[in-house]
Protein chains: 2
Amino acid sequence: MPNMNEKTNANYKARAEIIKALAHPSRLFIIDQITNGERNVQDLTCLVGADISTVSKHLAILKNAGIVKIDKRGAQVFYSIKVPCLLKFLPCVEAVLKNNVKERKACLK
Amino acid sequence: MPNMNEKTNANYKARAEIIKALAHPSRLFIIDQITNGERNVQDLTCLVGADISTVSKHLAILKNAGIVKIDKRGAQVFYSIKVPCLLKFLPCVEAVLKNNVKERKACLK
DNA sequence: TGGTTATTTGGTATATATGCCAAATATGAA
DNA sequence: TTCATATTTGGCATATATACCAAATAACCA
């Protein structure tokens, strides 16, 4: 990109990676589930309703992005939110969503 | 997902779609470029440094997600931010990023 | 109308993401 | 050590995303 040097470009890429970690229904659901406290992989697997390996990979993506943190206790791994400021952003996403719905309804009148 | 009814599931999917629209380096760059005012497709294409058809598709993704709005004037289309609250979220992403860098450096000491 | 500029859309090749199964690893208890 | 439980990782098939080129559409002007 002509007006973006290597460093700037890398920065946008890194930011996109973090946002990408949030951009999946199951991962958003997981984030909601651990908002008020930690949960282990087993419980999250049950809540999400997918294969445990799938959930484990979703959790790895969130952890790798620096969004959640873990606490190993025995054989269990408990996941919790690491970055509360990201949570403030979710209501805004919800607001965009509602506005989209409203606008699309308006088109049909 | 057992603990998620159809409606809830659809809601997470819809939210993920909006976030996904933000999750690309070029689209984040575009958002920065139009934060302080509208820009047309031509200028954005030059700034991003990709094919104009590629940029047009990125813009369509942002528009479809309800993140940006357009103003057609003559043959030109000007894009601007529609949802300022999403911008507040970007500094938090930046903070996560810096924290990740810090932690990964610490591992090497 | 015909030409010029601005933008979008169709098509396609390539890259990335997702989900499941099976296998590997880790932890604690018998 | 051997077993049982909890979690992660490897592999693979399928789905989605991305980028470019070429062609189509839109708006304006001569």
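Nothing here was measured: the structure is a model prediction, and the numbers come from that model. A note on names: the letters A, B, ... follow the listed sequences, proteins ahead of strands, and every chain is numbered from 1.
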Engineer: To the closest 0.5 Å, what do you measure between CD1 (B/I67) and CD1 (B/I31)?
Structural biologist: 5.5 Å
Engineer: Return each pair, listed once, that meets salt bridge (charged side-chain N to carboxylate O under 4.0 Å, His left out) where at least one residue sits in residues 81-93 of chain B; pairs must be two or more places apart or across chains.
Structural biologist: A/E103-B/K82
Engineer: Protein within reach of the bases, or only the backbone? For nucleotides 8-13 of chain D, mark each nucleotide 5' to 3' as B, S or -, using heavy atoms under 4.0 Å.
Structural biologist: BBBB--
Engineer: Provide the full list of salt bridge (charged side-chain N to carboxylate O under 4.0 Å, His left out) pairs with a residue in residues 40-49 of chain A, sequence neighbours left out, each pair given once.
Structural biologist: none
Engineer: How would nucleotides 23-29 of chain C be written as a contact map, 5' to 3', with B for base contact, S for sugar-phosphate-only contact and - for no contact, using protein heavy atoms under 4.0 Å?
Structural biologist: ----BS-
Engineer: A/K13 has an atom NZ; how far is it from atom P of D/dA19, in whole Å?
Structural biologist: 11 Å
Engineer: So, the side chain of B/T54 versus the backbone of B/A50: is there a donor-acceptor pair under 3.5 Å, distance only?
Structural biologist: no
Engineer: Go through residues 15-23 of chain A and report each residue with a non-hydrogen atom lying under 4.0 Å from DNA chain D, sorted by number.
Structural biologist: none
Engineer: Test your reading of the model: is there a side-chain donor-acceptor pair from A/T45 to the backbone of A/V41, 3.5 Å cut-off?
Structural biologist: yes
Engineer: Please give me the minimum heavy-atom distance between A/T35 and A/I81, naming the atom from each residue.
Structural biologist: CA-CG1, 4.1 Å
Engineer: If pairs are Watson-Crick or G-U with both distances under 3.5 Å, what is the dot-bracket string of DNA chain D, marking crossing pairs with [ ] and pairs to another strand with |?
Structural biologist: ||||||||||||||||||||||||||||||
Engineer: Can you sort out the partners of A/K57 under side-chain contact (heavy atoms from CB on, under 4.5 Å), two or more places apart, ordered by chain and number?
Structural biologist: none
Engineer: When you get a sec, tell me which of C/dT18, D/dA19, D/dT18 is the closest nucleotide to the side chain of B/H58?
Structural biologist: D/dA19
Engineer: Name all residues meeting the salt bridge (Lys or Arg N to Asp or Glu O under 4.0 Å) criterion together with B/R104; count only those two or more places apart in sequence or in a different chain, and write none if there are none.
Structural biologist: none
Engineer: Can you list everything that forms a salt bridge (Lys or Arg N to Asp or Glu O under 4.0 Å) with B/D71? Sequence neighbours excluded, please.
Structural biologist: B/R73
Engineer: Taking only residues at least two apart or on different chains, which pairs with a member in residues 23-32 of chain B satisfy salt bridge (charged side-chain N to carboxylate O under 4.0 Å, His left out)?
Structural biologist: A/R15-B/D32
Engineer: Output every pair passing disulfide (SG to SG under 2.5 Å) with a member in residues 68-99 of chain B, not counting sequence neighbours, ordered by first then second residue.
Structural biologist: A/C85-B/C92, A/C92-B/C85
Engineer: By the ring pair (Phe, Tyr, Trp, His ring centres under 6.0 Å) test, which pairs, at least two apart or in different chains, include something from residues 51-87 of chain A?
Structural biologist: A/H24-A/H58
Engineer: Rounded off to whole Å, could you give me the CZ-to-P distance for the B/F29 and D/dA19 pair?
Structural biologist: 14 Å
Engineer: Between A/N100 (side chain) and B/A65 (backbone), is there a donor-acceptor pair under 3.5 Å?
Structural biologist: yes
Engineer: Once you round it to whole Å, what is the distance between C1' of C/dT18 and CD1 of A/I30?
Structural biologist: 13 Å
Engineer: Return the value, rounded to whole Å, for the distance between atom CD1 of B/I61 and atom C1' of C/dT9.
Structural biologist: 13 Å
Engineer: Let me know the distance between NE2 of B/H24 and P of C/dT16, rounded to the nearest Å.
Structural biologist: 11 Å
